Enquirer: 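Structure provided below as structure tokens; questions to follow.
Each chain gets a letter, A, B and so on, in the order its sequence line appears, and its residues count up from 1. This one's a predicted model, so the numbers in the text were calculated from it and none came from an experiment.
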Amino acid sequence: MTEKKQIRAIKGTRDILPPDSALWNWFERSAREVFETYGFRDIRLPIFEQTDLFARSIGADTDVVGKEMYTFEDRDDSSISLRPEATASVARAYIEHGMHTLPGNVKLYYMGPMFRRERPQKGRYRQFYQVGAEILGQSDAPAIDAEALEMLMVLFERVGLAQTKLYVNSIGCKDCRPKYVELLREELRNVKDKLGADSQRRIETNPLRVLDSKLPEEQSIIEELPRISDHLCEACRQHFATLQQELSLRGIAYEQNWRLVRGLDYYTRTTFEVTAAGLGSQNAVCGGGRYDGLVELLGGHPTKGIGFAIGTDRVILSLQEGEKRLSMPGLAVFVAWMNSATYPTAVKIARTLRDAGFSVELLPEEMKFKKSLGLADRLGARYVLIIGEDEVASGNFTLKRLSDREQKKFSDSALIEYLQLEGRGSGA
RNA sequence: GUGAGCGUAGCUCAGCCGGUAGAGCAUCGGUCUGUGGAACCGAGGGUCGUGGGUUCAAAUCCCAUCGCUCACCCCA
């Protein structure tokens with residue numbers, strides 16, 4: 001009993017406290033607003049799923065599934081994993097609820113925590129948050145991809161994310177990609193001895209990932225490698241070309257990056273990534289792409305799909321580095337009462353003000369008047385409602401505005417009317 | 001999983017050629033009994049990350065360990 005170990009948050013998890021939480025809420029609210037103008041609707045998904053869902057969709061051999069998932073045995077011995085991302089869950093839900101019968105494309109967005117057991121660093125946590133959107137349906141029209149990217153960039157623009165850069169690529173389809181991968185592998189074998197150990201290993205396991213390498217000494221070699229854009233099949237080439245036209249039509253600035261590959265197996269054709277200012281080496285705030293085979297892979301009808309996931313932690317980090325500040329809504333009225341005789345009146349008026357939607361602080365115990373004013377000030381209240389014996393006797397309450405010390409008397413109905421007008425006037 | 005840097009009060013840090021733990025800010029109280037932000041006075045708050053070693057004596061020197069941070073890796 002004497003030995004008390006400090007209990008702390010698990011490595012890679014953290015508490016998001018006020019006032020930071022206000023910035024988070026604001027960003028998530030902005031995403032909802034923008035997404036809904038594009039016809040997307042909220043979907044709430046489980047935090048954990050059968051391990052198999054992720055193994056089959058993301059790929060059993062990927063790092064995410066192979067070594068980063070929080071997987072455990074449930075009491076009935078089934079294997080469960082905390083979700084490392086949500087696209088797989090959206091696809092699962094799409095199939096499970098027969099959403100292919102819904103009219104048009106199914107457009108869904110989600111937000112919430114994801115879990116990956118990596119070594120934490122700037123912009124990377126074991127419990128991290130994503131805001132994502134998915135479009136599923138029969139069509140793979142490039143306009144769908146373009147609209148998703150437009151929506152994404154509109155959101156970033158709206159929240160004032162600095163120095164955003166959109167990179168797009170096409171990694172081909174199940175027909176042309178394997179041929180390219182084989183070609184790439186052969187080329188890589190020729191230069192194997194000039195590559196680092198990681199890249200050498202990937203020649204056999206996943207040659208595309210070599211393109212991602214940051215090693216300075218490998219850069220000149222990688223630049224000489226065959227590029228996917230020269231080896232797409234006709235359909236994929238067309239798709240990518242039309243996508244670029246669609247982006248220009250919408251005035252979306254982008255940069256083609258032939259080395260952009262994704263680490264999840266389900267991606268096909270369009271892939272993209274957005275980077276922003278103020279981050280460490282984890283500078284991607286969003287990643288996504290097309291996944292036309294995913295629903296079928298999970299046992300549904302053949303379905304096209306595209307989506308993205310925004311790393312909320314990183315967006316917030318970037319906004320904060322950019323000195324983004326929110327004026328907290330704060331406390332509207334601090335109710336200061338004088339002594340036990342005035343207390344019942346204070347309780348009632350506080351309730352009335354709260355019912356009218358104002359943020360109200362009511363002292364829980366008697367306090368010297370001077371002290372309570374000081375407290376109101378430090379709590380950031382805009383007004384102090386003074387309830388002393390005079391006020392109780394007359395039924396008129398004194399409202400003091402802290403910013404300029406001005407005070408007026410009101411009956412309780414006139415008080416609410418006045419506060420509502422004031423609130424509108426100040427824009428607060 | 002690998003590497004590097006850093007661990008003293010809630011926060012920012014001082015003390016570190018060994019000699020019984022400090023400041024500023026914050027918090028709480030007082031000066032101040034119906035009118036705030038200031039000033040002044042005072043209080044609470046620390047197993048100096050943890051364990052071991054050297055020593056008469058360790059926040060300080062040595063070793064180990066844990067934690068945090070950043071980078072590799074991976075990715076949002």
Side-chain angles (χ1 to χ4, degrees), chain A residues 2-6 8-12 14 17 58 62-69 83-87 111-132 152 196-199 201-202 206 209 212-216 260-264 267 271-276 279-289 307-318 334 336-339 342 366-392 398-407:
Chain A
T2 47
E3 196 156 311
K4 284 183 203 153
K5 262 191 205 138
Q6 165 85 293
R8 8 160 83 256
I10 287 170
K11 184 201 281 284
R14 58 207 182 121
L17 310 171
I58 298 168
T62 58
D63 282 357
V64 169
V65 170
K67 45 193 193 194
E68 296 173 0
M69 277 208 302
R83 60 183 190 187
E85 57 111 45
T87 299
M111 51 187 67
M114 308 294 159
F115 305 85
R116 291 183 201 174
R117 198 180 188 291
E118 302 178 88
R119 198 70 169 259
Q121 74 186 66
K122 188 168 187 178
R124 191 171 77 183
Y125 306 94
R126 291 183 174 185
Q127 175 173 335
F128 61 102
Y129 296 80
Q130 288 188 336
V131 171
L152 183 61
D198 283 328
S199 291
R201 184 168 34 77
R202 291 194 193 110
N206 192 348
R209 291 228 64 88
D212 242 1
S213 167
K214 289 178 199 159
L215 285 182
L260 178 66
V261 297
R262 309 258 85 220
L264 313 183
Y267 285 117
T271 58
F272 54 89
E273 187 170 289
V274 179
T275 58
L279 300 166
S281 67
Q282 309 296 324
N283 65 346
V285 291
C286 178
F308 60 76
I310 299 166
T312 310
D313 305 77
R314 294 180 187 174
V315 169
I316 297 296
L317 206 58
S318 179
F334 184 97
W337 47 279
M338 297 294 178
N339 57 51
T342 63
E366 194 166 348
M367 189 179 272
K368 286 178 187 167
F369 185 59
K370 198 160 190 152
K371 255 183 75 175
S372 67
L373 275 182
L375 184 57
D377 182 44
R378 284 180 300 153
L379 288 176
R382 288 199 296 280
Y383 301 95
V384 174
L385 187 66
I386 299 167
I387 301 178
E389 289 177 346
D390 299 349
E391 283 80 3
V392 173
T398 304
L399 185 72
K400 181 187 184 73
R401 184 160 53 204
L402 288 179
S403 57
D404 58 6
R405 293 168 178 257
E406 200 159 309
Q407 50 188 69

Enquirer: Going by the salt bridge (Lys or Arg N to Asp or Glu O under 4.0 Å) test, which pairs reach into residues 118-132 of chain A, not counting sequence neighbours?
Expert: A:Glu118-A:Arg124, A:Lys122-A:Glu321
Enquirer: So which protein nitrogen or oxygen atoms get under 3.5 Å of nucleotides 2-8 of chain B's nitrogens or oxygens?
Expert:
| residue | atom | partner | partner atom | Å |
| --- | --- | --- | --- | --- |
| B:U2 | O4 | A:Arg119 | NH1 | 2.6 |

Enquirer: Could you write nucleotides 25-32 of chain B as a row of B, S and -, 5' to 3', where a protein heavy atom under 4.0 Å of any base atom gives B, of only sugar-phosphate atoms gives S, and otherwise -?
Expert: --SSSSSB
Enquirer: Decide, yes or no, whether a salt bridge links A:Glu273 with A:Arg262 under the criterion of side-chain N to carboxylate O below 4.0 Å.
Expert: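 A salt bridge is present here (some side-chain N lies under 4.0 Å from a carboxylate O).
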Enquirer: If only atom types and distance count, is the side chain of A:Asp313 paired as donor or acceptor with the main-chain N or O of A:Gly123 below 3.5 Å?
Expert: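 Checked: no pair found.
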Enquirer: Using a 4.0 Å heavy-atom cut-off across all strands, classify A:Arg124 as base, sugar-phosphate, or nothing.
Expert: base
Enquirer: Classify the side chain of A:Arg401 versus the base of B:G36 as yes if they form a donor-acceptor pair under 3.5 Å and no if they do not.
Expert: no
Enquirer: Could you tell me how far apart A:Met69 (CE) and B:G1 (P) are, to the nearest whole angstrom?
Expert: 17 Å
Enquirer: Both distances below 3.5 Å, Watson-Crick or wobble geometry, any strand: find the nucleotide opposite B:U54.
Expert: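 Across all strands, not a single nucleotide pairs with B:U54.
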Enquirer: Under a 3.5 Å cut-off for both contacts, is B:C11 paired Watson-Crick or G-U wobble with anything, and if yes, with which nucleotide?
Expert: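 Across all strands, the one nucleotide that pairs with B:C11 is B:G24.
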Enquirer: Can you check whether A:Leu402 reaches A:Val384 side chain to side chain, under 4.5 Å on heavy atoms?
Expert: yes
Enquirer: Residues two or more places apart in sequence or in another chain: which of them pass side chain to side chain contact (heavy atoms under 4.5 Å, CB included) with A:Ser318?
Expert: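 So A:Ser318 forms a side chain to side chain contact (heavy atoms under 4.5 Å, CB included) with A:Leu161, A:Ala276, A:Leu279.
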Enquirer: Could you pull out all residues at least two apart from A:Phe369 that satisfy ring pair (Phe, Tyr, Trp, His ring centres under 6.0 Å)?
Expert: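 Applying ring pair (Phe, Tyr, Trp, His ring centres under 6.0 Å) to A:Phe369 gives none.
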Enquirer: With sequence neighbours excluded, what pairs up with A:Asn339 under the side chain to side chain contact (heavy atoms under 4.5 Å, CB included) test?
Expert: A:Ala341, A:Thr342, A:Glu366, A:Glu389
Enquirer: Side chain of A:Phe369 only, heavy atoms from C-beta on: which candidate in B:G34, B:G36, B:A76 is closest?
Expert: B:G34
Enquirer: Please give the distance between the C1' atoms of B:A57 and B:U12 as a whole number of Å.
Expert: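 Each nucleotide's C1' atom is 31 Å from the other's.
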Enquirer: Let me know the distance between CG of A:Asn339 and P of B:G34, rounded to the nearest Å.
Expert: 10 Å
